[in-house]
Amino acid sequence: MDFRLSDDQEALRRGMRELLAARFGPEALRAAVDGAEAAGGGTAGERAPGARTVDGGGPGRGVVDRRLWRELGEAGFFALRVPEAAGGVGLGLPEAVLVFEEAGRALLPGPLVATHLAATHRGGDGAEAVPGAAEGRAVVTALEPDGAPLVEHWADADAVLVPEGEGVGVAAPGVVRALPVRAVDPLTPLHRVAGGRPAAVAACGAGAGVLCREAALLTAAQQLGSAWRTLELAVGHARTREQFGRPVGAFQAVQHLCAGMLVRAETARAAVYAAAVTGDEAETCAAKLLADEAAGANARDCLQVHGGMGFTWEAEVHLHLKRAWLRGSQWRTAVAAEERLAEALLSPRL
């Protein structure tokens, strides 16, 4: 069996990387962070231009670039798995993993997973069930699973993703009252559902297994992209930064850090790609565990390679570390993934 990427898959990944490099490179990432910090620094009585009022939480300030969001939709990011007959691209989960890996590498903000799943699974009409989802005009956000009543990108949300049986429903944001909470990642604003989760919005359970499994895998793909990016940053810094007249990469301790980062990233990639092909629940849990570990540990080791510079606000690596922490609590937490994986490993196989 040949697990190498096909020419079409390589072209898809290369095209997404080029699109994001042109529209959301390091400078655009920094500008987005600065803009989010400036908006978040206002008082409750201030209202940013175009900000939406969040029920019970004062003015809502989004971080999603709607023009870029539409470009992603036009490029087929959200309708990648929608059948061609319904106006989509007609590809599969392995291809979706590739483009989400690139999104994670670029630290692209926004409710990417939820919008993609809404366009993919919302009934037989595909993207048409969420008006404009295929073109990126509808930003859809998702309630966090495992009982945590948090919603991301509330100020940007045009709809709320709601698990319904084996599929997904889309509700208006007014269904849920949400209060803003401080998030570790400046580009992932969070709101807490006031008064707990309403009965109309169910947590991800057995009934929405397909939805949550795919969400966990796509989140793992983003973690994988982040792990590879921090490896690139660490190696690039080790080659150019000099101490005692030598590049820091010449020192064995730094070499060991970079080697460990490579091993984690390659291991996670094998697990994520395999889960994308099989669609197996246990393999998805393993992929999420390995990708979470690779993203978090690689960001920490990258920070160590950078030395004191890595702790500064100007360094990109700290953004990867914060996003890795946040993604690690999404869709499949480590505890939930370990429990599901252990159950699968211990169950008798026919």
Side-chain angles (χ1 to χ4, degrees), residues 32-33 35-70 72-73 78 103 107-119 122 130-133 136-164 168-204 211-212 215 218-219 222 322-323 325-327 329-331:
V33 172
E37 287 295 308
T43 64
E46 297 173 350
R47 184 181 179 92
R52 195 185 84 190
T53 300
V54 179
D55 185 15
R61 298 178 175 86
V63 302
V64 172
D65 181 343
R66 291 287 182 139
R67 185 172 62 178
L68 174 57
W69 203 258
R70 285 192 296 271
L72 289 173
F78 303 116
L107 281 180
L108 182 67
L112 301 168
V113 172
T115 306
H116 176 89
L117 291 176
R122 181 59 171 160
V130 184
R137 291 196 298 269
V139 178
V140 184
T141 191
L143 289 171
E144 295 303 299
D146 300 325
L150 291 176
V151 61
E152 64 174 3
H153 295 285
W154 180 258
D156 284 309
D158 295 325
V160 178
L161 191 64
V162 183
E164 288 182 350
V168 56
V170 180
V175 170
V176 184
R177 290 186 67 250
L179 302 173
V181 297
R182 180 173 291 276
V184 66
D185 176 20
L187 291 181
T188 310
L190 298 175
H191 283 72
R192 186 175 301 280
V193 176
R197 186 185 302 276
V201 182
C204 284
L211 167 69
C212 293
L218 295 177
T219 303
Q222 293 180 86
K322 291 175 179 178
R323 188 73 61 85
W325 285 341
L326 190 141
R327 290 198 195 108
S329 66
Q330 290 180 314
W331 297 108

(request) Check for a donor-acceptor pair, side chain of Asp156 on one end and backbone N or O of Val64 on the other, with a separation under 3.5 Å. (result) yes
(request) Please check if the side chain of His191 supplies one atom and the backbone of Leu179 the other of a donor-acceptor pair under 3.5 Å. (result) no
(request) Check side chain to side chain contact (heavy atoms under 4.5 Å, CB included) between Arg67 and all other residues, then give those that pass, not counting sequence neighbours. (result) Arg23, Asp65, Arg70, Glu71
(request) List in chain and number order the residues that pass side chain to side chain contact (heavy atoms under 4.5 Å, CB included) with Ala183, two or more places apart in sequence or in another chain; answer none if no residue qualifies. (result) Leu190
(request) Report the distance from atom CG of Asp185 to atom CD of Glu152, rounding to the nearest 0.5 Å. (result) 10.0 Å
(request) Starting at OG1 of Thr188, measure out to CH2 of Trp325 and round the result to the nearest 0.5 Å. (result) 13.5 Å
Taking all non-hydrogen atoms of both residues into account, name the closest pair between [X] and [Y] and its distance.
X      : Y      : answer
Cys212 : Trp331 : SG-CZ3, 4.2 Å
Ala36  : Pro186 : CB-O, 3.5 Å
Val184 : Lys322 : O-CD, 3.2 Å

(request) Please identify each residue that fulfils salt bridge (Lys or Arg N to Asp or Glu O under 4.0 Å) with Arg327, with sequence neighbours left out. (result)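 None.
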(request) Would you indicate whether the side-chain heavy atoms of Pro111 and Trp154 approach each other to under 4.5 Å? (result)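 In short, these two side chains do not touch, never coming nearer than 4.5 Å.
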(message) Any non-hydrogen side-chain atom of Leu187 less than 4.5 Å from a side-chain atom of Leu107?
(response)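 They are not in contact (no side-chain heavy atoms under 4.5 Å apart), so the answer is no.
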(request) Show your reasoning for whether side chain to side chain contact (heavy atoms under 4.5 Å, CB included) applies to Leu72 and Leu108. (result) CA-CA 11 Å; Leu72 289 173; Leu108 182 67; 3.6 Å; yes
